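Just below is one structure, and these are the notes that go with it.
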Amino acid sequence: MPTLPGRRILLGVTGGIAAYKAADLTRRLIEIGAEVQVVMSEGAKRFVGVATFQALSGRPVRDSLWDAQAEGHMGHIELARWPDLILIAPATADVIARLAHGRADDLLTTLVLASDKPVAIAPAMNRLMWAKAVTQDNVAKLVARGVHVLGPGAGFQACGEVGEGRMREPLEIRDDVVRLLAAGPMRGRHAVVTAGPTREPIDPVRFITNRSSGKQGYALASALAQLGARVTLVSGPTNLAVPAGVMRVDVETAQQMCDAALKAAADADVFVGAAAVADYRAAEVAREKIKKKADRLSLDLTRNDDILVRVRGARPDLFMVGFAAETEKLEQHAREKLEKKKLDLIAANWVGGGRAFDRDDNQLNVFWSAGGVRELAHAGKEQLARELAALIVERFQARAVPAKAKSPQKTK
Ligand code: CTP
């Protein structure tokens, strides 16, 4: 599902080895519906060919202030007005220095100076260049002027050294961009969503699981990200791709999901339990494969903790949403769970007989205290997720305290 349909990104590529990653970044942005106009510095063209970006973005690359033909088509002032975001990736120490000093000595720096659109940079350089006081001063100046600094990351560098300075990965930068452009009502909020089934091992080759595909939880995580939230998706095993703008934590068992959920919930504003968590696990996991011997075999099971109950215990103030999968007495059972688990909202659906699980469509009845109810008509899970996310925001805002003071705009 495109998460940035028609959003315009002016991608500035400057001269570092990470320029090759900017090609993948271009593709990743286009993949989720964005329009990308690439502007290359002279240095960048020594690392990657213009034709690569041209082919990936479907637009002629701009690289000079003095290209009469390109200027005739769209002048640099017009170009500066065009984007929703100017993203410079990779941003070398040199371009950072020139931006910090307000230089306009090539097309890219001129565009930044001539534009009032948000600017984000993904620094990429040798660790010593990054650590130098002058670079840090320049970055601090840009941060103080509202430039979003994405990264850098740490690890192996092309120069053979190890340390801080490498460009964030294209998918991470794409997630940052989705968040930056999502000026929605959940901006500055952290939402945690559990999704998918859990797997409870019986022996080294067998486990107990259920038919959950994770589709509803993933769609909800994506919908909340599109409303501006930072989203952590705690996911059991699924075949689904991580939605743009979402950070996924992979788990297998209910106990692992509970630990990961508690950790993520520590600074969350909203928690949604969409996972189909196994209520029981094997009391003992056999160390060796269980051999077939007798005609009958019983499995001793023990209760798993209820994740929603544990999270509520740790965070009495958190806005919490649960699901209820029922085969009978939908409203009665859902309202019992709402009360028992001290939830703010519960989304109930009929299951069994081929309904809801492992399908692309669903239907939800959402209940909250004092008789609150909203029926979300039968639709695709993505559409339903958008409607449920909007209702979550509505109920959350009805009881919310003001947004926490936001951390500085530096993303690590
Ligand atoms: N849930 C949870 N931890 C569990 C079991 C369920 O957090 N160990 C959450 C689910 O993610 C869902 C909600 O509780 O949001 C309700 O799940 P459901 O399976 O409908 O209900 P249960 O509480 O397991 O009750 P029952 O199986 O008796 O219907």
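The residues of the chain are indexed from 1 along the displayed sequence. Order of appearance sets the numbers: ligands from 1, and atoms from 1 within every ligand. Values in this document were obtained by computation on a predicted structure and should not be read as measured data.
When each atom of ligand 1 is checked for a heavy atom of Gly322 under 4.0 Å away, the hits are 15 (O). Per-residue contacts place Ala275 under 4.0 angstrom from the following atoms of ligand 1 (heavy atoms of the residue considered): 10 (C), 11 (O). Here is the list of ligand 1 atoms found below 4.0 Å of a heavy atom in Ala324: 20 (O). For ligand 1 and Lys341, the ligand atoms under 4.0 Å from any heavy atom of the residue are 1 (N), 6 (C), 9 (C), 13 (C), 14 (O), 16 (C), 22 (P), 23 (O).
In this structure a side-chain-to-backbone donor-acceptor pair under 3.5 Å is missing from Arg230 to Gly188. Listed for the Thr194 side chain is no donor-acceptor partner under 3.5 Å among the backbone atoms of Val234.
Protein heavy atoms are found inside the 4.0 Å sphere centred on atom 3 (N) of ligand 1. The nearest protein heavy atom to atom 24 (O) of ligand 1 is closer than 4.0 Å.
No heavy atom of Arg310 sits closer than 4.0 Å to any atom of ligand 1.
Checking Arg312, Lys337, Glu326, Met257 against atom 29 (O) of ligand 1, the nearest heavy atom belongs to Lys337. Between atom 8 (N) of ligand 1 and the options Asp305, Asn349, Thr194, Asn304, the minimum heavy-atom separation is to Asp305.
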Apply salt bridge (charged side-chain N to carboxylate O under 4.0 Å, His left out) to the pair Arg127 and Glu164, showing each step before the final yes or no. CA-CA 5 Å; Arg127 67 183 177 89; Glu164 208 180 359; over 6 Å; no
- Task: Verify salt bridge (charged side-chain N to carboxylate O under 4.0 Å, His left out) between Glu169 and Arg166, making sure each step is shown before the conclusion.
- Result: CA-CA 9 Å; Glu169 294 304 319; Arg166 50 182 268 168; 2.7 Å; yes
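With a 4.0 Å heavy-atom cut-off, ligand 1 is reached by the backbone of Ile307 and by its side chain too.
For atom 15 (O) of ligand 1, the closest non-hydrogen atom of the protein is Gly273 O, 2.6 Å. In this structure, the protein non-hydrogen atom closest to atom 9 (C) of ligand 1 is Leu308 CD1, 3.6 Å.
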